[in-house]
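Scroll down for the structure; my scribbles are underneath it.
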Protein chains: 2
Amino acid sequence: MAVIECVPNISEGRRADVLDACAAAVRQSGARLLDVKPDASHNRTVYTFAGEAKQVVDAVLALVDAAIRQIDLRQHKGEHPRMGAVDVVPFVPIEDVTMAECVSIAGEVGAEVARRHNLPVYLYEEAARQPSRRNLEDIRRGEFEGLAAKMQKPEWAPDFGPSVPHPSAGAVVIGARMPLIAYNINLATNRLDVAKRIAAAVRHSSGGLRYVKAMGIALTDRGIVQVSMNLTNFEKTPIARVFELVKREAARDGVAILESEIVGLVPSAAMTNAAAWYLQLDNFSGDQVLETKLRNAT
Amino acid sequence: MAVIECVPNISEGRRADVLDACAAAVRQSGARLLDVKPDASHNRTVYTFAGEAKQVVDAVLALVDAAIRQIDLRQHKGEHPRMGAVDVVPFVPIEDVTMAECVSIAGEVGAEVARRHNLPVYLYEEAARQPSRRNLEDIRRGEFEGLAAKMQKPEWAPDFGPSVPHPSAGAVVIGARMPLIAYNINLATNRLDVAKRIAAAVRHSSGGLRYVKAMGIALTDRGIVQVSMNLTNFEKTPIARVFELVKREAARDGVAILESEIVGLVPSAAMTNAAAWYLQLDNFSGDQVLETKLRNAT
């Protein structure tokens with residue numbers, strides 16, 4: 001049975017009635033709602049739910065209906081950049097489903113959302129149909145307030161829907177990506193320069209590992225520093241390699257690893273891969289995990 | 001939903017019709033048959049199946065019926081020690097079930113098997129009602145051929161059933177235990193003495209870790225040696241600790257680890273625990289594993 005995860009971000013983090021209506025829309029579709037994370041200062045909420053293809057598609061369509069009815073970006077203020085009432089909708093392959101299937105679902109949902117609401121839709125990351133649209137930040141640059149001007153340029157015509165923003169809902173970015181792992185490593189030092197240097201060494205943008213975003217920050221209440229990361233493809237850049245590289249760079253400066261932490265959810269395979277790497281399990285297969293075998297047995 | 005695993009060993013490893021009848025008995029009860037491993041030279045077969053309490057109990061009772069009808073130990077020869085047509089039946093807690101519940105199921109099944117077949121039953125490991133019966137090897141010592149004499153001693157009166165062996169089926173040992181992990185570490189050397197010394201260093205019986213059984217063997221076709229182990233409680237003696245101790249002992253003799261292997265199934269938690277140890281994930285919880293969260297979500 002295929003499992004697809006979907007992680008829509010909506011531009012509302014304060015009004016409980018709106019957030020509840022969106023959660024109810026997801027639940028009524030049969031998808032399993034795993035997490036709802038509102039952020040009042042960002043004025044933004046992240047929903048995480050999962051299910052089979054049809055359940056997830058129905059859930060997204062219901063959530064878009066509910067959100068667009070109640071959110072007006074002309075009235076919206078928040079710290080996080082945004083260009084849509086429903087700002088971004090990634091589909092994530094979890095179990096017995098390929099990235100290609102998630103890309104195809106993103107396309108279908110994009111076409112349907114544009115049709116129902118006369119809303120411009122951009123496809124991003126793995127679902128992008130132009131290389132310039134892979135990166136969410138590039139699409140969103142200028143935000144809701146700059147969207148009407150941006151959309152007049154031919155290179156920013158949407159993948160679906162009209163070439164003008166929806167008056168209250170802006171535009172929505174829909175796509176497919178690998179599971180994202182929020183992974184932090186705490187260093188046994190208060191030297192922020194060390195954390196920043198290591199972040200620069202391991203992140204892709206400044207010469208590091210391909211699927212790592214990183215920054216060095218101070219945890220002032222604990223008197224330590226942290227390399228705070230997003231791992232955007234744990235198959236190609238596995239957690240163990242990131243940890244070992246950070247550890248080696250820290251040792252260069254005479255600093256030890258205090259601990260690390262995964263924020264939120266992590267796919268089972270990411271943990272299993274790390275165990276297999278450290279234990280040198282050369283021929284290990286995911287089918288050897290008892291719970292996986294059980295789920296697949298009839 | 002509780003998941004209990006059951007791993008009965010029967011004294012038949014050659015006659016396909018008998019093995020098929022036992023497999024069919026398990027399947028008809030609704031339990032999920034995960035593995036059937038016949039061994040012709042041992043003349044013995046290990047069944048692995050899982051399900052909810054009622055399914056697993058029904059499956060064992062059906063399997064005992066089928067096996068006892070067709071196996072006559074007076075005719076049985078094989079390399080592996082045995083004292084019953086159904087030799088040993090462990091219940092293993094996997095998910096949302098306690099060891100205490102598995103102990104209680106072992107007792108119920110023991111009583112029922114004795115009643116149905118007039119068969120002596122011993123309870124072992126976590127289900128043992130006397131310390132001298134915790135260890136399977138102690139109960140089985142003397143095998144089927146020595147059973148009649150052994151049972152005349154008051155200290156070997158069975159926990160259920162008559163104090164004489166069943167004429168064709170001997171006696172059965174039923175109990176509860178933690179999942180067992182078959183774990184081997186291959187060394188980059190052909191020196192059997194090194195493998196044997198390390199096995200002695202890490203195994204419980206000669207001063208090593210509490211839940212490790214180990215022996216050193218030669219893999220002659222590959223020109224290397226192996227520390228071959230059973231890990232009988234991965235929570236109290238985790239895989240990572242075993243691996244690191246073997247690695248350190250090997251380094252003492254100038255030998256590197258070539259690779260390690262898990263034979264058969266491993267509980268997801270054993271792999272997750274290893275990953276969390278190596279990555280220093282101090283506050284990691286099993287609920288953070290996406291697939292676990294999904295299964296528990298409604």
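Naming: A, B, ... by sequence-line order, numbering from 1 per chain. Note that these values count all heavy atoms, side chains included, but never hydrogens, waters or copies made by symmetry.
Of the possible donor and acceptor atoms, none in the side chain of A:E291 sits under 3.5 Å from a partner among the backbone N and O of B:P267. Looking at A:Q288, its side chain never comes within 3.5 Å of a backbone N or O of B:V266 through a donor-acceptor pair. Here the side chain of A:E259 pairs no donor or acceptor atom with the backbone of B:D282 at under 3.5 angstrom.
Within the 4.5 angstrom heavy-atom criterion, only side-chain atoms of A:V3, from C-beta onward, approach chain B. Only the backbone of B:D287 comes within contact range of chain A, with heavy atoms under 4.5 Å apart. Only the side chain of A:E5 comes within less than 4.5 Å of a heavy atom in chain B; its backbone stays farther off. Proximity to chain B is absent for every atom of A:N186, based on heavy atoms less than 4.5 angstrom apart. For A:Y183, the part lying near chain B is the side chain, with the backbone staying farther off; criterion is any non-hydrogen pair under 4.5 Å. For a residue to count as touching a neighbouring chain, one of its non-hydrogen atoms must lie under 4.5 Å from one of that chain's; by this rule A:I185 does not touch chain B. Proximity to chain B (any heavy atom under 4.5 Å) is restricted, for A:F284, to the side chain, taken from C-beta onward.
In terms of heavy-atom pairs under 4.5 angstrom with chain B, the leader among A:A270, A:A240, A:G264, A:A50 is A:G264. If you tally non-hydrogen atom pairs under 4.5 Å between each of A:I239, A:D35, A:T48, A:N283 and chain B, the highest count goes to A:I239. When A:N184, A:I257, A:I94 are compared by the number of non-hydrogen pairs under 4.5 Å with chain B, A:I257 comes out ahead. Heavy-atom pairs under 4.5 Å with chain B peak, among A:T292, A:V242, A:I262, at A:I262.
Across every non-hydrogen atom of A:A276 and B:M271, the tightest pair is N-CE, 4.2 Å.
To the nearest 0.5 Å, atoms CG (B:L281) and OG (A:S260) are separated by 3.5 Å. Put simply, CG on A:L34 and CG on B:L294 are 5.0 Å apart, with the number rounded to the nearest 0.5 Å. Between A:K247 atom NZ and B:Y278 atom OH the span is 10.0 Å, to the nearest 0.5 Å.
The environment of A:R241 atom CZ is sparse: at most 12 non-hydrogen atoms of other residues, nucleotides or ligands sit within 6.0 angstrom.
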